[in-house]
Amino acid sequence: MEYLKSDKQSNDKRMEIIIDSIKKAAEAVHIAGAACKKSDTAYKALTLSNKKEMWDILQLYLREYKDFINKMTVFTGYYIYNVDRNFYEQCSIDDIRKQIENVIGFIYAKEALTSVAKENFKQCLKKILKATKLFTDKELAIL
């Protein structure tokens with residue numbers, strides 16, 4: 001079993017801003033369609049109330065996007081780590097739902113960064129994130 005982890009609580013707000021910005025940039029450069037399609041099951045999981053079903057869907061996405069998520073750690077502060085059954089038992093449905101929302105953001109980012117419009121996406125994303133004044137030029141240069 002795997003789970004997204006952040007070293008700092010403050011990364012949660014930054015991650016929300018990053019996810020929102022990624023989606024906006026993907027839509028602005030017209031590449032959101034593929035990401036939306038690939039994250040369809042994750043979106044459906046957000047409406048579930050069965051913890052096991054939600055967890056299983058989260059695990060599928062974490063396995064598929066693990067390498068990409070871990071490569072983005074320097075920028076996002078999030079990385080994938082292994083957890084045990086006891087960890088799962090302590091997770092709430094809301095915890096899992098938040099994880100799925102984060103994974104959707106990573107799906108959008110990966111799809112956008114591997115598309116033909118990747119340079120347009122990167123510039124658009126940098127502009128959106130810079131406007132928040134939460135990211136330094138050094139952090140934005142990672143993109």
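Hydrogens, waters and symmetry mates are skipped; everything else that's a heavy atom, side chains included, is used.
By the 6.0 Å contact criterion, NZ on K38 is open, its count of non-hydrogen atoms from other residues, nucleotides or ligands being 12 or less.
Annotation: side chain of Y81 is not in contact with side chain of K66 (no heavy-atom distance under 4.5 Å). Counting heavy atoms from C-beta on, the side chains of I22 and F106 never come closer than 4.5 Å. At a threshold of 4.5 Å between non-hydrogen side-chain atoms, the residues L140 and T136 do not count as touching. When side chains are defined from C-beta on, Y78 does not count as touching T73, because their heavy atoms never get closer than 4.5 Å. Looking at heavy atoms from C-beta onward, K23 lies in side-chain contact with I104 at the 4.5 angstrom threshold. The side-chain heavy atoms of R14 and E139, taken from C-beta on, include a pair separated by under 4.5 Å. With contacts defined as side-chain heavy-atom distances shorter than 4.5 Å, the pair Q90/R85 does not qualify.
Hydrophobic cluster membership is shared by F87 and L62, with clusters built from Ile, Leu, Val, Met, Phe, Trp and Tyr side chains linked at under 4.5 angstrom.
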Open item on the list: Let's go through D94 and K98 carefully: what are the C-alpha distance in whole Å and the side-chain angles of both, what is the deciding distance for salt bridge (Lys or Arg N to Asp or Glu O under 4.0 Å) to 0.1 Å, and is it a yes or a no?
Closed with: CA-CA 6 Å; D94 288 336; K98 183 68 181 159; over 6 Å; no
Please tabulate, one pair per line, all N/O donor-acceptor pairs under 3.5 Å involving side-chain atoms of residues 126-135, not counting sequence neighbours.
from, atom 1, to, atom 2, distance (Å)
K130, NZ, D137, OD1, 2.9
T132, OG1, L129, O, 2.6
T132, OG1, L134, N, 3.3

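Between K71 and D67 there is no salt bridge, since no side-chain N of the basic residue sits under 4.0 Å from a carboxylate O of the acidic one. The existence of a salt bridge linking E101 and R97 is excluded, since no basic side-chain nitrogen approaches an acidic carboxylate oxygen closer than 4.0 Å. Salt bridge present: D40 and K44 bring a charged side-chain N and a carboxylate O closer than 4.0 Å.
The heavy-atom pair separating K51 from Y88 by the smallest distance is NZ-O, 2.9 Å.
Using modelled atom types, one side-chain atom of Y61 and one backbone atom of A42 make a donor-acceptor pair closer than 3.5 Å.
Ring geometry, Y43 versus Y108: the interplanar angle exceeds 60°, so the pair is classed perpendicular (tilted spans 30 to 60°).
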